[in-house]
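Notes to accompany the following structure.
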Amino acid sequence: MASFKTPALKNPSLSLSSKPRLPSAFSISFRDNLRFSRSSSRPQRRFLIVTASAASISSKPTVLVAEKLGEAGLTLLKEFANVDCSYSLSPEELCTKISLCDALIVRSGTKVSREVFESAGGRLKVVGRAGVGIDNVDLAAATEHGCLVVNAPTANTVAAAEHGIALLAAMARNVAQADASMKAGKWQRNKYVGVSLVGKTLAVLGFGKVGSEVARRAKGLGMHVIAHDPYASADRARAIGVELVNFEEAISTADFISLHMPLTAATNKMLNDETFAKMKKGVRIVNVARGGVIDEEALVRALDAGIVAQAALDVFTEEPPKQDSKLVQHERVTVTPHLGASTIEAQEGVAIEIAEAVVGALKGELAATAVNAPMVPAEVLTELKPYVELAEKLGRLAVQLVAGITGVKNVKVSYASCRAPDDLDTRLLRAMITKGLIEPISSVYVNLVNADYTAKQRGLRITEERIVIDGSSECPLESIQVQIANVESKFASAISESGEIKVEGQVKDGIPHLTKVGSFEVDVSLEGSIILCRQVDQPGLIGKVGSILGQENVNVSFMSVGRIAPRKQAVMAIGVDDQPSKGSLQRIGEVPAIEEFVFLKL
Ligand SMILES: NC(=O)c1ccc[n+]([C@@H]2O[C@H](COP(=O)([O-])OP(=O)(O)OC[C@H]3O[C@@H](n4cnc5c(N)ncnc54)[C@H](O)[C@@H]3O)[C@@H](O)[C@H]2O)c1
Ligand SMILES: O=C(O)[C@H](O)COP(=O)(O)O
């Protein structure tokens with residue numbers, strides 16, 4: 001294989017989206033910073049993730065903060081965006097405002113419904129939930145609209161756990177009731193005899209971040225702690241000294257139950273008439289998770305029947321609950337108005353955590369706290385960055401090789417890697433291949449959030465194959481191959497022996513290269529655009545094509561010829577910085593030795 005390369009002369013800022021629209025949170029762009037080092041004339045290339053949508057095109061992006069956020073978070077946001085703090089918006093007002101916003105930040109008090117995403121008109125790129133629970137955000141609608149949802153999953157964990165323990169102790173010792181009684185002028189020492197915590201069994205339902213912190217603290221109070229969580233790690237439980245048990249055992253043996261699971265379809269009304277009936281008579285329940293995990297009417301019945309001795313609740317199905325709520329007014333129920341996360345420290349932490357996540361997402365960085373997109377750890381992201389670019393460009397090339405654009409249905413992606421399949425997370429790569437495949441042939445904007453959804457909608461079936469090869473596992477991938485089955489190609493040489501359009505690429509020195517087209521090996525860096533020619537290999541041809549391009553001042557960045565045998569058929573891949581005119585392309589096609597050619601935009 002013959003190949004020569006010339007350094008690119010320009011310094012273009014390439015957006016991977018060819019569409020004249022604002023890049024979204026996941027529109028990763030790469031900016032070339034060409035520097036010629038003393039030792040080599042080879043351009044040094046640095047990859048940047050280009051700054052945000054609106055920011056890179058017009059002024060700053062706009063972030064709507066719809067609920068009170070800590071000052072430190074607001075300061076961070078203001079450094080990057082126009083910040084509109086509009087608290088207490090009605091649903092209608094939110095829908096009206098949202099079309100002018102690139103990001104929205106809420107706590108648990110704002111419903112981010114499907115109507116909100118529909119009203120956004122495509123501008124809303126990220127919803128930041130300043131807290132953990134995302135049950136107030138319509139995730140399906142967000143995903144369909146390609147809107148990233150990020151949360152702040154860690155900053156309020158301790159606050160919630162401390163509040164859980166506070167409620168547990170306050171309930172056991174009737175603190176709230178005794179306080180109200182004294183303030184009413186009474187001194188009722190016999191009425192408010194409590195129960196002890198030490199030696200009692202506490203069942204933690206939902207052994208995640210908050211649940212395990214509650215467990216740790218309850219152990220410190222001398223309680224016997226068991227936990228139920230179908231997804232919890234046994235190692236973590238063992239480390240804290242907690243026994244993981246099934247749901248039935250947890251609820252039937254506990255003296256105290258503390259709830260710490262998210263509100264989902266599966267956990268909705270998890271505590272109901274049936275489950276209360278299985279509990280130990282006199283059980284005491286703490287809920288700092290979500291009101292909806294308890295059937296509140298059933299809880300009132302269980303309290304009245306004496307099954308549940310007491311409850312301490314921070315969260316309610318409807319917030320705020322109705323003033324005459326039987327549950328809130330119940331004498332043996334202690335209530336707080338969703339205060340779990342409300343400490344000065346937690347609110348400061350949450351505000352910073354969410355502001356960083358939102359700004360990062362607006363900058364086009366992949367968010368570590370994404371709720372509706374694969375979470376790719378930072379170190380994996382850094383490692384995969386050049387492969388992300390390679391993946392999108394291969395998808396973009398492959399689809400442009402298809403003759404007619406409607407038939408693309410079956411795409412196979414093969415990843416050749418020295419790493420074990422479990423050691424290579426390909427979700428990000430698959431999303432970028434999908435982006436590359438779909439964007440050139442549609443008006444749909446694809447990002448990591450909606451890639452799988454969009455592929456499914458369009459009936460595009462992407463299968464993935466891992467090929468484990470020998471070598472050092474230091475580099476995550478040797479090559480990526482994209483094949484499109486059951487289609488014809490406008491460049492017949494792109495069809496492999498097995499009948500599919502096939503393109504393959506590798507990352508070399510951090511730069512994505514096209515290394516195979518059909519059965520032909522080439523080597524051209526994936527920058528600018530590419531001309532593929534099939535010709536009969538002969539002297540002088542490279543010069544002829546080069547001079548046609550040179551006459552038009554089109555800079556050739558890379559050129560490579562892959563051939564079957566000397567002076568037999570060959571495929572020449574030419575990387576060009578600028579798009580040649582139709583006339584130049586026609587003249588290339590008229591060179592007698594050239595049998596077919598295609599111009600492909602990256
Ligand atoms: N009251 C507050 O102000 C406040 C503050 C923080 C968190 N929260 C709520 O507390 C809950 C837990 O938060 P977290 O940060 O610990 O979340 P987390 O994701 O770390 O933990 C949730 C755990 O629940 C488990 N779970 C899921 N389904 C379950 C089921 N059917 N049965 C048992 N366990 C199940 C999960 O496996 C996970 O381990 C959330 O609902 C969150 O919204 C409330
Ligand atoms: O899920 C959470 O993080 C808590 O419920 C806190 O909600 P808040 O931000 O509305 O206090």
Side-chain angles (χ1 to χ4, degrees), residues 65-70 73 87 105-112 128-137 149-168 203-217 226-237 240 242 244-251 254 257-272 275 286-294 312-317 319-320 335-351 353-354 369 371 375:
V65 180
E67 287 181 71
K68 182 122 181 60
L69 194 70
Y87 307 145
I105 295 182
V106 297
R107 288 180 61 182
S108 61
T110 305
K111 284 247 167 306
V112 191
R129 160 62 171 113
V132 185
I134 30 87
D135 44 291
N136 53 324
V137 180
V149 180
V150 287
N151 69 350
T154 58
N156 68 22
T157 299
V158 166
E162 286 177 350
H163 197 62
I165 294 291
L167 286 179
L168 180 79
V204 170
L205 305 186
F207 193 66
K209 293 184 292 295
V210 179
S212 47
E213 287 304 321
V214 165
R216 206 189 297 276
R217 283 158 177 75
I226 56 175
H228 166 70
D229 185 328
Y231 317 104
S233 121
D235 283 349
R236 185 148 47 98
I240 299 177
V242 168
L244 283 177
V245 298
N246 65 33
F247 180 69
E248 302 282 317
E249 187 177 343
I251 61 165
I257 294 175
S258 195
L259 302 174
H260 302 289
M261 69 285 277
L263 177 61
T264 63
T267 62
N268 188 29
K269 297 194 177 168
M270 205 169 161
L271 298 195
N272 50 43
T275 50
V286 176
N287 187 8
V288 293
R290 281 295 176 266
V293 300
I294 300 180
L313 311 171
D314 183 46
V315 284
F316 306 87
T317 307
E319 293 187 359
V335 287
T336 49
H338 202 149
L339 290 181
S342 295
T343 61
I344 290 164
E345 297 83 353
Q347 279 315 302
E348 206 63 3
V350 161
E353 199 176 1
I354 203 62
T369 59
V371 174
M375 281 201 270

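FYI, the numbering just counts along the sequence from 1. Order of listing sets the numbers, starting from 1, for every ligand and every atom in it. It should be emphasised that the depicted structure is a prediction, and the values quoted were computed from it without experimental measurement. Keep in mind that the numbers below use all heavy atoms, side chains included, and drop hydrogens, waters and symmetry copies.
Numbered from 1 in the order shown, with element, the atoms of ligand 1 that lie under 4.0 Å from a heavy atom of H338 read 1 (N), 2 (C), 3 (O). Atoms of ligand 1 lying under 4.0 Å from at least one heavy atom of Y231, given by number and element, are 27 (C), 28 (N), 37 (O). For ligand 1 and V288, the ligand atoms under 4.0 Å from any heavy atom of the residue are 1 (N), 2 (C), 4 (C), 8 (N), 9 (C), 10 (O), 44 (C). The atoms of ligand 1 that sit less than 4.0 Å from any heavy atom of G133 are 43 (O). Shown in contact with D314 at under 4.0 Å from a heavy atom are these atoms of ligand 1, numbered in order with element: 1 (N), 2 (C), 3 (O). Within ligand 1, the atoms closer than 4.0 Å to a non-hydrogen atom of A160 are 5 (C), 6 (C), numbered from 1 in the order shown. Near F207, meaning under 4.0 Å from one of its heavy atoms, ligand 1 places the atoms 39 (O).
Residue contact annotation: P230 has a non-hydrogen atom under 4.0 Å from ligand 1. For A266, the closest heavy-atom approach to ligand 1 does not fall below 4.0 Å. Heavy-atom distances between M270 and ligand 1 reach below 4.0 Å in at least one pair.
Checked by distance only, ligand 2 and G133 come closer than 3.5 Å through their nitrogen or oxygen atoms. For ligand 1, the polar-atom distance check finds an N/O of D229 within less than 3.5 Å of one of the ligand's N/O atoms. Below 3.5 Å of separation, one finds an N or O of V210 facing an N or O of ligand 1.
Under the 4.5 Å side-chain criterion, counting only non-hydrogen atoms from C-beta, V293 is not in contact with L271.
Nearest non-hydrogen protein atom to atom 18 (P) of ligand 1 is K209 NZ, 3.6 Å. Looking at atom 35 (C) of ligand 1, its nearest protein heavy atom turns out to be M261 CB, 3.7 Å. The nearest heavy-atom contact from the protein to atom 31 (N) of ligand 1 is T267 CG2, 3.5 Å. In terms of protein heavy-atom proximity, atom 7 (O) of ligand 2 is closest to R129 NH2, 3.1 Å.
Here the rule is side chain to side chain contact (heavy atoms under 4.5 Å, CB included) with H228, and of I257, I251, L205 only L205 fits it.
Remark: among candidates A346, A341, S342, the nearest residue to atom 6 (C) of ligand 2 is A341, based on non-hydrogen atoms.
When heavy-atom distances to ligand 2 are checked against a 4.0 Å cut-off, E67 has no atom that comes that close, whether in backbone or side chain. Contacts between A130 and ligand 2, counted as non-hydrogen atom pairs separated by less than 4.0 Å, involve the backbone only.
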